[in-house]
Protein chains: 2
Amino acid sequence: MGSPLPRDPIADAQRNWERHGWGDVAAPMAAITAIMRTQQILLARIEGVLKPYGLTFARYELLALLSFARSGALPMNKASALLQVHPTSVTNAVDRLEKAALVVRSPHPTDGRTTLIELTAEGRTLAKRATAALNNEVFGQSGFGDEDVEHLIRVLGDFRKAAGDFTD
Amino acid sequence: MGSPLPRDPIADAQRNWERHGWGDVAAPMAAITAIMRTQQILLARIEGVLKPYGLTFARYELLALLSFARSGALPMNKASALLQVHPTSVTNAVDRLEKAALVVRSPHPTDGRTTLIELTAEGRTLAKRATAALNNEVFGQSGFGDEDVEHLIRVLGDFRKAAGDFTD
DNA sequence: GCAATATACTAGGACATCCAAGGGTTTGGA
DNA sequence: TCCAAACCCTTGGATGTCCTAGTATATTGC
């Protein structure tokens, strides 16, 4: 999308904040902006790896989640809660995965309101392959040092907990 | 969008990775997933604060960038590079900002291919107000400790540099 | 000086996310 | 028992991001 900039635009923003008298929040602003940008970079990498498999990250996450479910099936609302996305986003993802024959919808045995999403054999196979690819090409080469990884997990875990993601 | 989960879904995913023999990349996977989720939380907060001003984060970023430019104007391609988004995203944002009379497009004085984006008086005023709101309600209450902020800036800065965002 | 190449912006399309609403199913209290 | 409230999923709409062209303007090289 572009060649490297001569200078870090986020560091520049931080300097601008300080110059305008907002020095007290300049650092958190820079950290938050850096998180936004890092997410963008990581998402692009992930999507690039998944593309050959005909998957997007949203669809992969759902497929992976199902592959870890004991029965290979989950109610849509459960998936929505675990993936922490809006129910309509799950509807959207399931629509496309179902069209690709990677999952099927089936009625819940006892609750007529609920729809179960179930992996097909191809879905399970593709999930395995896509996971292997991500492990090799993204997670295995994140570029983060071991200590930094631990630190990120801890700091962002505390943040997510404080934000109300989970109790634990 | 949902009540807190009883357990951290990312920690669960990390355990699943380890259980399936991918322990060597389980931690980076968890760190990367945490970054994705943290970005989602932060974006929601930011959008919530900006909504009363009729702004989205994408439009705010462009407005803020212009407000720091000496002349209050920038070529679209410059904005695209500095914000590190696709040129079409800038076109999209400018379309809406222009419709709201916060910026105007004007031809570049010497290069006929280039379009300059320029802040209007209202645009400048709104940028100031929106920035104050974000400083008070988001950046000033990030929930990250000072040391963690410094660590995030350093680690994510190294990552972005390695990813080719900037030279410096 | 002119053709070939590079650059800048925009139009159209595919996806993802969220919100607001609507229709069907369950549950719970009067 | 029965109706209101709660819950589940889907549809439709607004935004944002990217990609792939297509048009217009500059630059380069012969």
Starting at [atom1] of [X] and ending at [atom2] of [N], how long is that distance when rounded to a whole Å?
X      : N      : atom1 : atom2 : result
B:L83  : D:dG16 : CG    : C1'   : 13 Å
B:H108 : C:dA8  : NE2   : C1'   : 11 Å
B:M76  : D:dT25 : CE    : P     : 17 Å
B:L62  : D:dT15 : CG    : P     : 16 Å
A:L116 : C:dT25 : CG    : P     : 16 Å
A:I117 : D:dT10 : CD1   : P     : 9 Å
B:R113 : D:dT25 : CZ    : C1'   : 6 Å
A:K99  : D:dT10 : NZ    : P     : 13 Å

Measure the [atom1]-[atom2] distance between [X] and [Y] for me, rounded to the nearest 0.5 Å.
X      : Y      : atom1 : atom2 : answer
A:L74  : A:T114 : CG    : OG1   : 12.0 Å
A:I41  : A:I46  : CD1   : CD1   : 12.0 Å
B:H108 : B:R113 : NE2   : CZ    : 9.5 Å

Exercise for the section: Would you indicate whether the side-chain heavy atoms of B:S67 and B:L119 approach each other to under 4.5 Å? Expected result: yes
Practice task
Could you tell me whether the side chains of A:W17 and B:N135 share a donor-acceptor contact shorter than 3.5 Å?
Solution key: yes
Practice task
Look only at the side chain of A:T120 and the backbone of A:A101, and say whether a donor-acceptor pair between them is shorter than 3.5 Å.
Solution key: yes
Exercise for the section: Identify whether any heavy atom of B:T110 sits under 4.0 Å from a base atom; if not, whether one sits that close to sugar-phosphate; answer base, sugar-phosphate or nothing. Expected result: sugar-phosphate
Practice task
Under 4.0 Å between any heavy atoms, over every strand shown, what does B:D95 touch: base, sugar-phosphate, or nothing? Just pick one.
Solution key: nothing
Problem - Lys/Arg N to Asp/Glu carboxylate O, A:D12 vs A:R7, below 4.0 Å - result: yes
Practice task
May I ask you to evaluate whether A:R105 reaches the phosphate of D:dT10, defined as a side-chain N or O under 4.0 Å from OP1 or OP2?
Solution key: yes
Practice task
Give a yes/no answer on whether the side chain of A:T91 brings an N or O atom under 4.0 Å of OP1 or OP2 in D:dT10.
Solution key: yes
Problem - B:K51 vs B:N77, nearer the 5' end of DNA chain C by closest nucleotide - result: B:N77
All N/O pairs under 3.5 Å across the protein-nucleotides 14-18 of chain C interface:
| unit_1 | atom_1 | unit_2 | atom_2 | d |
| --- | --- | --- | --- | --- |
| C:dC15 | OP2 | A:R96 | NH1 | 3.3 |
| C:dC15 | O3' | A:R59 | NH2 | 3.2 |
| C:dA16 | OP1 | A:T56 | OG1 | 2.4 |
| C:dA16 | OP1 | A:R59 | NE | 2.9 |
| C:dA16 | OP1 | A:R59 | NH2 | 3.3 |
| C:dA16 | OP2 | A:R59 | NH2 | 3.3 |
| C:dA16 | OP2 | A:R96 | NE | 2.8 |
| C:dC18 | OP1 | B:Q40 | NE2 | 3.4 |
| C:dC18 | OP2 | A:H86 | N | 2.9 |
| C:dC18 | OP2 | A:S89 | OG | 2.8 |

